[in-house]
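Reviewing the structure listed below.
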Amino acid sequence: MPTSKLTLNVQSEIGKLEAVMLHYPGPEVENMTPKNAQRALYSDILNLSIAQKEYAQLKGVLEKTSLVYKVSDLLEKVLEIPGQRLSLLQKICVTEQVEDYFDYLLELSSSQLTKILIEGLPMQVKTLTDFLKEEYYALQPLYNFYFTRDTSVTIGNTSLVCKMANTVRMRESVIMDAIFNSGLFFNGKITNMYDASQNNPSVKIEGGDVLVAREDVLLIGSGARTSPQAIDLLIQELCREKLSKRHVIVQQLPETPESFIHLDMVFTFLDKNTAMVYKPLILNSNPYKTVHIQIENGKVVKIAPMNNIPAALKKLGMEVEPVICGGRADDWDQEREQWHSGANFLAIAPGKVISYARNINTLEELNKKGFEIVRADDVISGKFDMGTSGKCVVTLDGSELPRGGGGPRCMTMPLRRQ
């Protein structure tokens, strides 16, 4: 882990990735059964050993190109500071109604406490009330924490700590807030949407719905995980900065199926002038609105409908050629590959992106557009040099990770881009 503080700065989705935050999936993923999978926001349970091998490919590629910060390492450092430990534990114990465990948790070593806060704390059954709960955990495992994108977003020099749509993920945000607010690792501003919302239950926002298109342009999805009220609140926060002009493009998303949970499951940037899109939702005629919100000198001056995201971007001087997730030939291929995160790409530099190998029709479409298809293992071993290559897609094995409902962008939280 770097010794000097990193200054947060993300002004686009495709600038060369310089620093990123990850969480390596661990026992918390395995602490799930078919009985509680749905509550954990999964449609299936994962084979952890295979998921870890697949994730190791992502981590290995990123370590070749960027500084990699691990959530568990940062959390352990925060917990070594008595005041920070006390504050974090108080917040967790109160919000999750486990005050009885506070003294026990406070006495643990930082490494033990880090493990418990991520992997879960089994309940000590001491009362009839506890027994009748039929609950194994006092603190639930953070089953979804390897999707680090969702809990916070770097917008310019600001870390936006998100207000999660489901309480099973709330502790993830609490941990991220403690990491950013500790002052140990990063220079930058912090906006906490839990604090800003003042407990308004209609406010919910997750990072998979927020894309930094350009320094002055944000794309935001509004659907199952991000509400219009949260977008309005975020716009209020942006208005405080009083920049001359900013633009927010909002894309409504279907509430179902679950593969549409975030905007980055249907639209991601690949290069300065190329984006991966799920055609039925982004390009075809449908009932879901695209809205352009214009901000000038700290005030919303215009809200207007647009045909779609590419049309809205074009109006702002960003010509984006769409590449079709699942290929152009078959609607079923498009639907199948979108389900397996076929539109969810992470750019590590302009025209250099990471994807799953399983989405063969999507990769074929990219290949036609001049992207070389490369195996992650060849990048990690040094057989393929991304620094000297042209446009390329680095492919990860993806049999288990996609079961969690996300792709490479979901699993990475960029901290700094060129």
Side-chain angles (χ1 to χ4, degrees), residues 1 6 8 10 13 17-29 40-42 46 48 51-52 54-63 65-78 114 117-119 141-155 158-166 168-182 185-186 188 190 192-193 205-212 225-226 261-265 268 341 344-348 354 356 396 398 401-402 404-417:
M1 187 162 51
L6 179 87
L8 302 173
V10 172
E13 290 287 316
L17 188 62
E18 295 181 325
V20 64
M21 195 185 300
L22 303 177
H23 173 62
Y24 198 82
E28 69 278 0
V29 173
L41 311 179
Y42 282 71
L46 272 62
L48 179 61
Q52 286 180 327
E54 294 170 359
Y55 195 91
Q57 291 182 328
L58 173 67
K59 181 168 160 284
V61 170
L62 291 171
E63 285 175 338
T65 59
S66 322
L67 280 175
V68 173
Y69 291 78
K70 297 175 194 168
V71 171
S72 54
D73 291 348
L74 302 181
L75 177 57
E76 189 171 333
K77 289 266 189 264
V78 170
T114 297
L117 290 182
I118 293 173
E119 295 175 16
L142 299 180
Y143 310 104
N144 299 276
F145 212 1
Y146 74 92
F147 295 125
T148 49
R149 174 74 61 163
D150 296 338
T151 49
S152 59
V153 189
T154 310
I155 302 173
T158 299
S159 169
L160 178 78
V161 177
C162 296
K163 186 178 180 192
M164 311 306 286
N166 297 278
V168 74
R169 300 197 68 182
M170 184 168 62
R171 195 184 329 131
E172 296 174 50
S173 288
V174 173
I175 288 170
M176 296 304 272
D177 184 61
I179 287 170
F180 285 111
N181 264 310
S182 70
F185 317 107
F186 308 116
I190 300 150
N192 186 312
M193 292 296 281
I205 185 167
E206 296 188 358
D209 276 320
V210 182
L211 281 70
V212 182
R225 301 288 182 91
T226 296
I261 54 170
H262 293 134
L263 179 59
D264 67 8
M265 295 295 278
T268 45
S341 306
N344 190 273
F345 281 74
L346 172 74
I348 46 182
I354 305 180
Y356 286 134
L396 313 173
L401 288 176
R409 188 180 187 274
C410 300
M411 295 185 286
T412 49
M413 210 292 273
L415 300 161
R416 187 176 177 86
R417 288 185 181 273

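For clarity, every value in this text was computed on a predicted model and none was experimentally measured. Positions are given from 1 along the sequence.
Pro414 approaches Thr412 most closely through the heavy-atom pair CD-O, 3.4 Å. Residue Val212 comes nearest to Val10 through the heavy atom pair CG1-O, 4.0 Å, listed as atom of the first residue, atom of the second, then distance. Nearest heavy atoms, Val153 versus Gly207: CG2-CA, 3.4 Å. For Val78 against Ala178, the heavy-atom pair with the smallest separation is CG2-O, 4.1 Å. Residues Ala19 and Tyr69 approach most closely at CB-CE1, 4.1 Å, considering heavy atoms.
You'll find the side chain of Asp150 stays beyond 4.5 Å of the side chain of Asn144, heavy atoms only. The shortest side-chain heavy-atom distance between Met265 and Cys410 falls under the 4.5 Å cut-off. Two residues are said to be in side-chain contact when any heavy atoms from C-beta on lie closer than 4.5 Å; Asn166 and Arg225 meet this criterion. Contact annotation: the side chain of Thr268 never approaches that of Glu13 to less than 4.5 Å [non-hydrogen atoms, C-beta and beyond]. Taking 4.5 Å as the limit, some side-chain heavy atom of Leu142 sits within range of a side-chain heavy atom of Ile175. The shortest distance between side-chain heavy atoms of Ile348 and Val61 falls below 4.5 Å. For the pair Glu54 and Leu396, the minimum side-chain heavy-atom distance is 4.5 Å or more.
Residues passing the side-chain hydrogen bond (donor to acceptor under 3.5 Å, both in side chains) test with Arg149: none are found, sequence neighbours excluded.
The only option from Leu117, Leu22, Ile118 that meets the side chain to side chain contact (heavy atoms under 4.5 Å, CB included) definition with Ser72 turns out to be Ile118. Checking each of Asp209, Val210, Leu211, Asn344 against His262 for a side chain to side chain contact (heavy atoms under 4.5 Å, CB included) leaves exactly one that passes, namely Asp209.
Rounded to the nearest 0.5 Å, atoms CZ (Phe186) and CZ (Phe180) are 5.5 Å apart.
Phe145 and His23 have tilted rings, their planes meeting at an angle from 30° to 60° on a 0 to 90° scale.
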